[in-house]
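Report on the following structure.
Residue numbers start from 1 in every chain, and the chains themselves are labelled A, B, ... in the order their sequence lines are given, proteins ahead of strands. Computed from heavy atoms alone, side chains included, the values below leave out hydrogens, waters and symmetry copies.
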Amino acid sequence: MSGKSRRDFLKTSAVIGAGVAGLSTSTVKAAPKNILSEDRMGVLVDSTVCVGCRNCEWACKEAHDLPAGDLQSYEERSVFKDKRRPGTKALTVVNEYSSGKNSNLPVDVKVQCMHCDHPACVSACIVGAFSKEENGSVIWDTDKCIGCRYCMAACPFQVPAFEYDKAINPLIMKCDFCFNRTKEGKLPACVNICPVEALTYGPRTELVKIARERIKRNPEKFVDHIFGEHEVGGTAWMYLSGKDFVELDFPQLGTNPAPGVSESIQHGIFAYFVPPVSLYALLGGIMWITKHRKELDEEEKS
Amino acid sequence: MKKGLLIFFLFAISITVTAQQNLGKDHSKSNITCKTCHVCDVPTKDDPCLVPCPREKMKTVYESPDKTVDVVSLEELSKKYLPVIFSHRVHAQMSVMSGGCGTCHHYNTSGPIQSCKNCHQTYRNRDDISKPDLEAAYHRQCITCHREWSHGTNCNSCHSPKMDKKGFQKEEAKKKVMGKVHPALIEPDKIVFETKYEKGKMVTFFHDDHTKKFKIECTSCHKNETCLKCHDVNKASIEKSKIVKAQKSLDEHHKKCFSCHKEDKCGSCHLNKSAEPFEHGKKTGWALNKFHVNLSCAKCHGSKMPYTKLDNKCSSCHKAWNNETFKHSITGLGLDETHSQLNCEDCHAENNYTVKPVCSNCHENYSFPKQKPGKLVGRK
Ligand code: SF4
Ligand code: SF4
Ligand code: SF4
């Protein structure tokens, strides 16, 4: 916003905001691509198999051009002292929990975007940057993303992270299901490296069958629950566990798709008889301008 | 209906064939249908038509660790890694007390031992995702135990670091492991269990006696031990005698003891202090000599519990001993030629060896040990 006063900015925003408010949704909130294909892919994470080697963390960073460091340094287990969350520097993290049975065999759980079948982030994104692709991935278009963080608020798993530390054009980051790799027929980087194949990549319908079969064959090893099979309407990434999922910090969610903030924003607005579209439009307008202003600034600078 | 009958008929035939060939007791005990292991309807000895992986829980494979493969070089994935030189025999020896061969050779039919790659594909990007690929199959078998006692998941404990590639000599590496056996286990002499039983908190278990004297097989108690029972990088070496809190359930603790100590009262094991080791001399008034002390109790007392008092006449047990079969020098006195011809009871009246032998049957005024029927040779 260099060179312009705050008042100037607000003035312009208001004018444009009022303008856009009158337009139809499609202009500002483009209808997102939201495909729920029969053959969509998924990953079954078997937390009873995961050994917490964190190779997946390393591979994920490597595949996404994030500073990854030396693979051997991931053998360090002191990181498990704190529970970590996926962020802008690591799109997936592994956390460790006590098994309650054998202190030498803890439970390790990999966390990343769940790639929901009815993704709240997709519905929340006001510029239609997010999409659910045919292969099950929930990805977003960085060129469209305006950094409004609605997806963050909407996601029931608190996955999308925001580049707060980036002064210029901060954007959203999350696991993209290695969309660029799977497009070429490669496995997601984390699935590819996992030494014990705690992560099984395959058609979601088949994974559900495999998960059921594993529980059936080893009922004393697993809790009888496939996390993600029905949660928030189903997710592409699903988990098996030997321990109650709540104890592994999984949120307790219903089977209805997309609860969360986006809904409550809408409800709140309806209560005051303001159609949400106009609010989205207003907010979207503001964000869009800011983004372009910044881009212009950058262009001017360079 | 017809089809059903046919299937039943074939099923019956296959049972008969199996029974006729008497393929071992596992077969008859297995609570499974033929089709679990055999693809065809009538498997024969020459063509058992085994499925590679029945994926049912069965304990079938057993090979004595001493007879099994010594070293295996795992190199199916050597494009990615240097071969892993796996000390199969040492691991087989360890498995004896921790689940047996089936721990790794799971889902094996009772036929030949299948190699992992018969079921586990070598590519991760594959169609059949119902079972892990080969790399994962190997790792699951190894890392789960290795991380339990090493508290880490370091690749280098099995994989030679890649930079060694040029210098890596497979045969050399194999030789280093070849012939290796598991070192002798260190057994504790005794373990004192601290229990919750009010009237007698301490139960002293003489581990040594049970294995050495009673000759109880290790595996009759230790069947499914974790690696950690012996191996842990953080654990000091096994103590010879230790006090532990009884943690298992009442049943689990008692079950093993009760298989022999059926008639014992609570108080025979539960005391208020740790028990003194059993001494035959103190308890029965008949101290065991150096030969007897090494025998298992059952050798004299028989296997029936509780043990009963025996008489201490040598001939009660050593029925076959006579002047020809008994080497007298073992007593420290070697008989001369004349005396070695005599019957035992000629000197040892009424076969009583606890009293002085008599010479007066032949020699007037002779008495042992002043006069001797041979030469002192020293006790062996
Ligand atoms: S987990 Fe969150 S970010 Fe991922 S698809 Fe679901 S709603 Fe979107
Ligand atoms: S799927 Fe790709 S982006 Fe997602 S956690 Fe795995 S490696 Fe990272
Ligand atoms: S690579 Fe596999 S085993 Fe290792 S931490 Fe990740 S999911 Fe777990």
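Surrounding CD of A/E134 are at most 12 heavy atoms belonging to other residues, nucleotides or ligands under 6.0 Å away. Residue A/D70 qualifies as enclosed at atom CG: its count of foreign heavy atoms under 6.0 Å is above 12. Other residues, nucleotides and ligands contribute at most 12 non-hydrogen atoms within 6.0 Å of the NZ atom of A/K89. Applying the 6.0 Å contact sphere to NZ of B/K255 captures no more than 12 heavy atoms from other residues, nucleotides or ligands.
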### Query
Run the side chain to side chain contact (heavy atoms under 4.5 Å, CB included) check on B/C155 and A/E75 step by step: do they pass?
CA-CA 9 Å; B/C155 312; A/E75 284 170 5; 4.1 Å; yes

### Query
Would B/I129 and A/L207 satisfy side chain to side chain contact (heavy atoms under 4.5 Å, CB included), going step by step from the backbone distance to the final call?
CA-CA 8 Å; B/I129 49 172; A/L207 291 176; 3.9 Å; yes

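Heavy atoms closer than 4.5 Å to chain B are found in the side chain of A/V49, but not in its backbone. In this structure, no portion of A/L44 lies under 4.5 Å from any heavy atom of chain B. Contacts between A/E206 and chain B at a heavy-atom distance below 4.5 Å involve the side chain alone, from C-beta outward. No part of A/Y74 comes within reach of chain B, as not one of its non-hydrogen atoms sits under 4.5 angstrom from that chain. Only the backbone of A/K186 comes within less than 4.5 Å of a heavy atom in chain B; its side chain stays farther off. Proximity to chain B is absent for every atom of A/D46, based on heavy atoms less than 4.5 angstrom apart. In this structure, the portion of A/I210 lying under 4.5 Å from any heavy atom of chain B is its side chain and not its backbone. Looking at A/Q72, the atoms closer than 4.5 Å to chain B (heavy atoms on both sides) all sit in the side chain, from C-beta outward.
Summarising the geometry of B/H139 relative to A/V196, their closest heavy-atom pair is CB-CG1, 3.7 Å, with the distance given to 0.1 Å. When all heavy atoms of B/T144 and A/L105 are compared, the pair lying nearest together is O-CD2, 3.6 Å. Across all non-hydrogen atoms, the minimal contact from A/I193 to B/R124 is C-NH1, 4.1 Å.
In this structure, B/R147 and A/C53 have side chains that are not in contact, with every pair of non-hydrogen atoms separated by 4.5 Å or more. A heavy-atom distance below 4.5 Å is not found between the side chains of A/T200 and B/S130.
Between the side chain of A/N104 and the backbone N or O of B/W149, no donor-acceptor pair lies under 3.5 Å.
Residue A/E197 forms a side chain to side chain contact (heavy atoms under 4.5 Å, CB included) with just one option from B/E135, B/R140, B/H120, and that option is B/R140.
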